[in-house]
Amino acid sequence: MTLGTSRRPPGPDVAQYLELRDAVDPSAGNAEKALAAYALTERLERLRFERTDAPAPATATAEDLPVAGGQLGQALKLTFSDTYAALLPEVLQLLVDKGKLLPPYLLPKLLDYAAGLQLRQPATASVALLAGGKRAKWLAAQHPTWQVLHGNFDHATAYLRAGSPSEKSTILQRWRADDPAAARSALAAEWAALSPKNQVTLVGALSTGLGEEDTEFLQAGLKPKRKAVRRALTSLLLRAGDRVTMDEMIELAALSIDDRGAVVSVVRSAEGQDILKRFGGLKAKETIAEFLLANLPPDALPDLLGRERLDFWSGLTRKELLAAATALHNFGPSPAREEFIRYALTTRRDKLPIRTLLLMVESMSPRQFEGLFHQYLDEEQEGFRSGSVAADLVVASRSPWSERISKAFVLALVDRLQGNVALGYAGTRDQATAWELATPRLAVGIFPWLRQQLHAMTERPDVLGRRAVAMLQTTAFRRRLYADPR
């Protein structure tokens with residue numbers, strides 16, 4: 001603005017306007033006058049406000065359930081602190097099961113907790129809201145941060161006001177859980193104006209509530225030049241069950257198999273190249289086998305090759321196993337996913353995609369989890385020994401363990417420490433992490449047995465001794481909660 005004013009001075013009417021209002025120094029140059037006038041105008045605009053009537057005060061609906069008191073009420077206060085923070089989901093579920101409500105003074109902390117989980121763990125957020133009762137739902141509507149928990153949250157306005165693509169993606173996922181069609185329409189309205197990078201970021205939100213009604217929009221987007229966009233759309237189309245995309249991918253897989261029944265390294269046929277190009281092609285150093293494994297339904301390639309799952313997985317490389325695990329996770333719960341976890345429990349650690357396996361175990365129902373690990377312990381009594389994959393995967397469960405799993409895991413921890421083996425810094429750190437992760441999952445019924453097992457461990461002066469004390473303290477705390485009838 002000042003550069004333009006210096007090049008082309010304002011007309012006499014502008015100068016007269018400024019002088020009459022005595023808003024600027026008359027001895028200043030035209031550029032300085034213009035800058036000073038703009039600063040004054042901008043400041044006055046920020047001070048301007050529109051007079052509105054105060055909103056009518058809303059009153060919370062009366063509760064039908066009693067507020068938790070006694071030991072449970074005190075325990076709820078402790079779980080919102082660092083002492084027993086890991087127990088919060090379990091304690092809130094216990095509160096709902098007992099038909100009690102959270103004390104009102106803890107509702108702000110509860111709503112902060114639920115709002116943070118609403119996207120990543122919606123089921124846990126719903127339990128938290130139930131524990132807060134009608135007052136929690138009323139309070140959620142009064143605060144911008146908590147409004148996402150309220151049934152009347154305005155997703156459309158929040159989506160338009162969002163600044164960054166990641167923020168828009170978060171809102172879009174929440175919107176998809178509430179109204180999939182409206183969320184898809186909002187994305188479709190701005191799809192053409194988005195950069196390819198932002199298209200990839202936002203279209204991933206459609207995985208929430210994905211269904212056949214999304215395929216028309218996804219198919220229409222397969223035309224851009226950017227490979228990453230086409231790859232993202234292809235993955236969603238296959239997971240949505242689009243028949244056209246599935247048939248083409250199966251055809252590509254058939255063209256990728258040689259006479260020996262193995263997947264080739266490079267697709268030579270022009271027909272195969274065209275299909276691969278349409279769906280985004282391969283990444284750098286990615287093989288056609290990895291592409292097919294990561295995108296096709298888990299059983300598609302084994303069925304095409306005429307092989308059983310276990311036999312098929314045992315012949316895959318580490319990268320191919322990661323691709324297969326990615327598909328198993330993306331396509332949701334299935335017998336194949338449970339079989340893959342069982343296969344992983346008996347396979348070398350260095351070959352396995354541990355992070356994806358943890359996500360699979362985390363999503364298992366308590367019944368599936370318990371059945372799988374009990375069967376594993378039938379076959380491997382020392383299955384939780386140090387360094388085993390089972391010891392890593394079992395701690396991913398969100399539900400409390402059975403007494404059998406709890407005792408087997410604790411015995412493995414104690415045996416490791418009683419072996420007089422020099423753990424070193426890394427070993428001590430890993431052991432401390434294992435103790436910490438296991439503590440909130442142990443069955444409360446084993447407390448007398450646990451006290452006998454850990455008596456000597458609590459006298460250790462190191463971090464593992466402190467973890468043993470914390471394990472006893474936390475299990476005793478949870479035991480009192482379940483015993484308290486109030």
Side-chain angles (χ1 to χ4, degrees), residues 118-120 122 155-156 158-242 244-246 248-249 252 273-298 319-320 322-332 353 355-356 359:
Q118 202 274 341
L119 178 60
R120 294 180 292 107
H155 291 93
Y159 184 72
L160 290 174
R161 290 179 178 175
S164 65
S166 60
E167 185 181 355
K168 296 187 78 168
S169 177
T170 299
I171 295 170
L172 199 61
Q173 288 181 62
R174 292 172 173 171
W175 198 357
R176 286 282 294 181
D178 185 60
D179 189 346
R184 182 182 64 249
S185 298
L187 178 59
E190 64 168 357
W191 180 258
L194 294 172
S195 68
K197 182 178 180 181
N198 289 346
Q199 285 179 339
V200 173
T201 299
L202 294 179
V203 80
L206 298 189
S207 60
T208 303
L210 186 64
E212 291 184 8
E213 57 276 7
D214 298 311
T215 57
E216 183 178 352
F217 166 73
L218 296 172
Q219 277 283 6
L222 277 174
K223 300 175 182 178
K225 296 180 180 179
R226 287 296 180 94
K227 295 170 56 175
V229 180
R230 298 201 300 276
R231 286 175 62 98
L233 292 168
T234 299
S235 176
L236 290 171
L237 281 165
L238 290 167
R239 288 152 64 184
D242 181 58
V244 175
T245 306
M246 185 70 70
E248 288 192 72
M249 282 288 287
L252 174 62
Q273 288 286 352
D274 289 342
I275 297 174
L276 189 58
K277 183 178 180 181
R278 169 174 162 76
F279 293 139
L282 304 179
K283 296 180 181 178
K285 298 183 179 181
E286 183 183 33
T287 65
I288 185 63
E290 292 167 22
F291 176 78
L292 294 171
L293 285 167
N295 290 285
L296 281 171
K319 287 186 176 181
E320 289 171 347
L322 173 59
T326 300
L328 284 161
H329 176 63
N330 287 342
F331 278 89
R355 185 173 300 179
T356 310
L359 293 174

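Sequence positions, counted from 1, serve as the residue numbers for this chain.
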K.L.:
With a 4.5 Å limit on heavy-atom distance, are the side chains of Arg174 and Tyr159 in contact?
P.N.:
no
K.L.:
Applying salt bridge (charged side-chain N to carboxylate O under 4.0 Å, His left out), name anything that partners Arg278, two or more places apart in sequence or on another chain.
P.N.:
Glu248
K.L.:
How long is the straight-line distance from CZ of Phe279 back to CG of Leu222, given to the nearest 0.5 Å?
P.N.:
6.5 Å
K.L.:
Met246 versus Leu296: any side-chain heavy-atom pair under 4.5 Å?
P.N.:
yes
K.L.:
Kindly compute the distance separating CG (Leu328) from CG (Leu359), expressed to the nearest 0.5 Å.
P.N.:
12.5 Å
K.L.:
Look at the side chain of Ser185 and the backbone N and O of Ala181, then say whether any donor-acceptor pair between them is shorter than 3.5 Å.
P.N.:
yes
K.L.:
Is the shortest side-chain heavy-atom distance between Ile288 and Leu252 below 4.5 Å?
P.N.:
yes
K.L.:
Could you pull out the closest heavy-atom pair between Thr356 and Ala325, with the gap in Å?
P.N.:
CG2-O, 3.5 Å
K.L.:
Please report the shortest heavy-atom distance between Phe291 and Gly281, naming the atom on each side.
P.N.:
CE1-O, 3.9 Å
K.L.:
Write down the atom of Ala186, the atom of Trp175, and the distance for their closest heavy-atom approach.
P.N.:
CB-CZ3, 3.4 Å
K.L.:
Looking at Arg231, is its backbone amide N or carbonyl O close enough to the side chain of Ser235 to form a donor-acceptor pair, meaning the two atoms are under 3.5 Å apart?
P.N.:
no
K.L.:
So with a 6.0 Å cut-off around CD of Glu167, is the heavy-atom count from everything else above 12?
P.N.:
yes
K.L.:
Under a plain distance cut-off of 3.5 Å, with no hydrogens placed, do Gln173 and Ser207 share a side-chain donor-acceptor pair?
P.N.:
no
K.L.:
Indicate yes or no for a side-chain donor-acceptor contact from Asp214 to the backbone of Gly211 under 3.5 Å, with no hydrogens or angles considered.
P.N.:
yes
K.L.:
Tell me the closest heavy-atom pair linking Ala294 and Ala327, and the distance in Å.
P.N.:
O-CB, 3.7 Å
K.L.:
Tell me, do His155 and Asp179 make a side-chain contact under 4.5 Å, heavy atoms counted?
P.N.:
no
K.L.:
Nearest 0.5 Å, what's the CG-CD distance between Leu237 and Glu216?
P.N.:
11.5 Å
K.L.:
Which value, rounded to the nearest 0.5 Å, describes the distance between Leu292 atom CG and Thr287 atom OG1?
P.N.:
8.5 Å
K.L.:
How would you list all residue pairs meeting ring pair (Phe, Tyr, Trp, His ring centres under 6.0 Å) that involve residues 212-234, not counting sequence neighbours?
P.N.:
Trp191-Phe217
K.L.:
Hey, are the side chains of Leu322 and Glu290 touching, using non-hydrogen atoms and a 4.5 Å cut-off?
P.N.:
no
K.L.:
Under 4.5 Å between any side-chain heavy atoms of Gln199 and Arg226, yes or no?
P.N.:
no
K.L.:
I'd like to know if the side chain of Arg176 and the backbone of Thr208 have a donor-acceptor N/O pair within less than 3.5 Å.
P.N.:
yes
K.L.:
Please examine the side chains of Leu218 and Leu210, heavy atoms only from C-beta on, and report whether any two atoms are closer than 4.5 Å.
P.N.:
yes
K.L.:
Hey, what do you get for NZ (Lys168) to OG (Ser164), rounding to the nearest 0.5 Å?
P.N.:
9.5 Å
K.L.:
If every non-hydrogen atom of Gly209 is compared with every non-hydrogen atom of Pro180, which pair is closest and at what distance?
P.N.:
O-CB, 4.3 Å
K.L.:
Just so I know, are the side chains of Arg239 and Leu236 near enough to count as touching, which here means a heavy-atom distance under 4.5 Å?
P.N.:
yes
K.L.:
Quick one: pull up OG1 in Thr215 and CG in Leu233 and give me the separation to the nearest 0.5 Å.
P.N.:
12.0 Å
K.L.:
Which of these, Thr234, Val200, Val203, sits in a side chain to side chain contact (heavy atoms under 4.5 Å, CB included) with Val229?
P.N.:
Val200
